[in-house]
Amino acid sequence: MTSGTPTGVTPGAAEGGFGPNEPVVVNLGPQHPSTHGVFRLKATLDGERVIDADMIIGYLHRSMEKLAEERTFTQNIPFTDRIDYLAAMSNNLAYCLAVEKLCGIEVPPRAQAIRILFAELQRLASHAMANGTFANDCGAWQTPLFHMFRERERILDMFEMTCGARLTTNYMRIGGVAFDLPPELLPALRSFLDDLPGKIEEYRDLLLGNEILVARSRDVGVIDAEGAVNASLAGPVLRATGVPWDIRKADPYSGYEAFDFDIPVGRNGDCYDRFLVRMEEVRQSVQILEQLIDNIPGGAWLAELPLHLRPPEGEAYARVESPRGELGFYVVSDGGPTPYRFHCRAPSLINLTALREMTIGGTLADAIVTLGSIDIVVGEIDR
């Protein structure tokens, strides 16, 4: 032989390099813009094709479930803000519902209506973030993100005028809400609802036919209905497969059974359908708010409760339809002032478990788009 390469050795391997068919492991994160937080995706590639993927979490872990066992039931409400910091109102609500169930507390009708109002505003704000960043992940410029942040800012303004906070609101209370609606809230909400349908059409014109977004997301990150149900997926990720499951209708809470709205579903279970479902859910939230704005009952916004709450011994689980899917809190009381057990069933964690199946066979670029379409919040994963 004239070559200096030993027999049976792939060229390049003798010098410690990679052969032409050797898999390569690539890490995205734990700190990377495309991971939407402190999360690590360990992808094994054959060329550009993903042949295996591992989701590695724990970089943001703050031990909230254990810390909650040392604080009173009321003191734990701010912890729920930090679990999903893009949907603090929804997390506040789910936890308060669990404690109210444990204690047998009846929430006043006005407080129920206010809770729905802010839960739907929170859904709008969260979906604005999800859809704007998803378009950015697909490479369809930053313009859609800036446009959607315009509406999100108006919602955060309404949060601020009501409870003084914009992100970690700490607004819900066991038995109701912390403050009644300020006089300027409903006029601001009416102006917002009058403007939003036109903005939704603007987004649809800008994005639904956008060739970059369609090419990057259609038939990418596919999971079928059977796989989604078997993995316990929830929210838009589940509904994009055609399964019409929404806790607001399947197990109504806070009076949602009185409202007329539809459950948007997709057909293909791909990234594009997940985007479409969230777009249509924005329209349905507007429909709920339109029914609510002129029909908020009067009366108290907070039930009368003892200063030091000591639920009877027992356990309770309550769930809501958060922007990311079924969000549940499990609370156990031993009769003391603090929970004996505090657990959160977080949809971001559950939905993330299907990422491996969604990404294998696609390209690394597809994996980034797929991760964006799941709409995770890392604080909810590493609670």
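If you read the sequence from its start, that first residue is 1, and numbering goes on from there.
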Heavy-atom donor-acceptor pair, [X] side chain to [Y] backbone, under 3.5 Å:
{"X": "Glu69", "Y": "Arg341", "answer": "no"}
{"X": "Tyr272", "Y": "Leu208", "answer": "yes"}
{"X": "Ser333", "Y": "Pro311", "answer": "yes"}
{"X": "Tyr171", "Y": "Phe179", "answer": "yes"}
{"X": "Arg123", "Y": "Glu321", "answer": "yes"}
{"X": "Glu202", "Y": "Gly198", "answer": "no"}
{"X": "Arg216", "Y": "Ala365", "answer": "yes"}
{"X": "Arg110", "Y": "Pro297", "answer": "yes"}
{"X": "Arg49", "Y": "Gly361", "answer": "yes"}
{"X": "Asp262", "Y": "Pro264", "answer": "no"}

Which heavy atom in [X] sits nearest to a heavy atom in [Y], and how many Å separate them?
{"X": "Gly227", "Y": "Asp224", "value": "N-OD1, 2.7 Å"}
{"X": "Ile296", "Y": "Leu117", "value": "CD1-CD1, 3.8 Å"}
{"X": "Leu238", "Y": "Ala228", "value": "CD1-CB, 3.8 Å"}
{"X": "Ala68", "Y": "Asn76", "value": "O-ND2, 3.0 Å"}
{"X": "Thr133", "Y": "Leu145", "value": "N-CD1, 3.8 Å"}

Hydrogens and angles aside, do [X] and [Y] bring a side-chain donor and acceptor to less than 3.5 Å of each other?
{"X": "Asp81", "Y": "Asn91", "value": "no"}
{"X": "Tyr330", "Y": "Glu65", "value": "no"}
{"X": "Ser217", "Y": "Arg274", "value": "no"}
{"X": "Ser126", "Y": "Arg324", "value": "yes"}
{"X": "Asp366", "Y": "Thr363", "value": "yes"}

Output the distance between atom [atom1] ([X]) and atom [atom2] ([Y]), rounded to the nearest 0.5 Å.
{"X": "Ile381", "Y": "Met55", "atom1": "CD1", "atom2": "CE", "value": "9.5 Å"}
{"X": "Phe261", "Y": "Glu281", "atom1": "CZ", "atom2": "CD", "value": "10.0 Å"}
{"X": "Arg115", "Y": "Met172", "atom1": "CZ", "atom2": "CE", "value": "6.5 Å"}
{"X": "Ile77", "Y": "Arg173", "atom1": "CD1", "atom2": "CZ", "value": "5.0 Å"}
{"X": "Ile223", "Y": "Glu226", "atom1": "CD1", "atom2": "CD", "value": "10.0 Å"}
{"X": "Glu380", "Y": "Leu60", "atom1": "CD", "atom2": "CG", "value": "12.0 Å"}

Before you tell me yes or no, could you show the steps for Val26 and Leu28 under side-chain contact (heavy atoms from CB on, under 4.5 Å), namely the whole-Å CA-CA distance, both residues' side-chain angles and the distance that decides it to 0.1 Å?
CA-CA 7 Å; Val26 174; Leu28 277 82; 4.2 Å; yes

Please say which of Val286, Ile155, Leu289, Asp157 ends up in a side chain to side chain contact (heavy atoms under 4.5 Å, CB included) with Phe192.
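So, applying the side chain to side chain contact (heavy atoms under 4.5 Å, CB included) to Phe192 and each of Val286, Ile155, Leu289, Asp157, only Ile155 qualifies.
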
Of Leu185, Thr169, Leu167, which is the lone residue that meets side chain to side chain contact (heavy atoms under 4.5 Å, CB included) with Phe159?
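Result: among Leu185, Thr169, Leu167, Thr169 is the only option passing the side chain to side chain contact (heavy atoms under 4.5 Å, CB included) with Phe159.
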
Whether Arg239 and Asp273 form a salt bridge (side-chain N of Lys/Arg under 4.0 Å from carboxylate O of Asp/Glu) is what I want to check.
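No salt bridge links Asp273 with Arg239.
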
Does Glu280 pair with Arg283 as a salt bridge, N-O distance under 4.0 Å?
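Looking at Glu280 and Arg283, the cut-off is met.
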
For [X], does the [atom1] atom sit with more than 12 other heavy atoms under 6.0 Å from it, leaving out its own atoms?
{"X": "Glu211", "atom1": "CD", "answer": "no"}
{"X": "Glu184", "atom1": "CD", "answer": "yes"}
{"X": "Glu201", "atom1": "CD", "answer": "yes"}

Would you say the ring centers of Phe342 and Tyr95 fall short of 6.0 Å from each other?
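Between Phe342 and Tyr95, the centre distance is under 6.0 Å.
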
Check step by step if side-chain contact (heavy atoms from CB on, under 4.5 Å) holds for Leu41 and Leu355.
CA-CA 10 Å; Leu41 175 62; Leu355 181 62; 4.0 Å; yes

Applying side-chain contact (heavy atoms from CB on, under 4.5 Å) to His343 and Arg383, what does each step give before you reach the verdict?
CA-CA 9 Å; His343 174 66; Arg383 67 207 180 282; 3.6 Å; yes

With heavy-atom distances below 4.5 Å as the criterion, would you say the side chains of [X] and [Y] are in contact?
{"X": "Arg356", "Y": "Ile360", "value": "yes"}
{"X": "His308", "Y": "Pro337", "value": "no"}
{"X": "Leu189", "Y": "Leu121", "value": "yes"}

Identified salt bridge (charged side-chain N to carboxylate O under 4.0 Å, His left out) partner of Asp195 from the options Arg154, Arg190, Arg150:
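Of the listed residues Arg154, Arg190, Arg150, the salt bridge (charged side-chain N to carboxylate O under 4.0 Å, His left out) partner of Asp195 is Arg154.
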
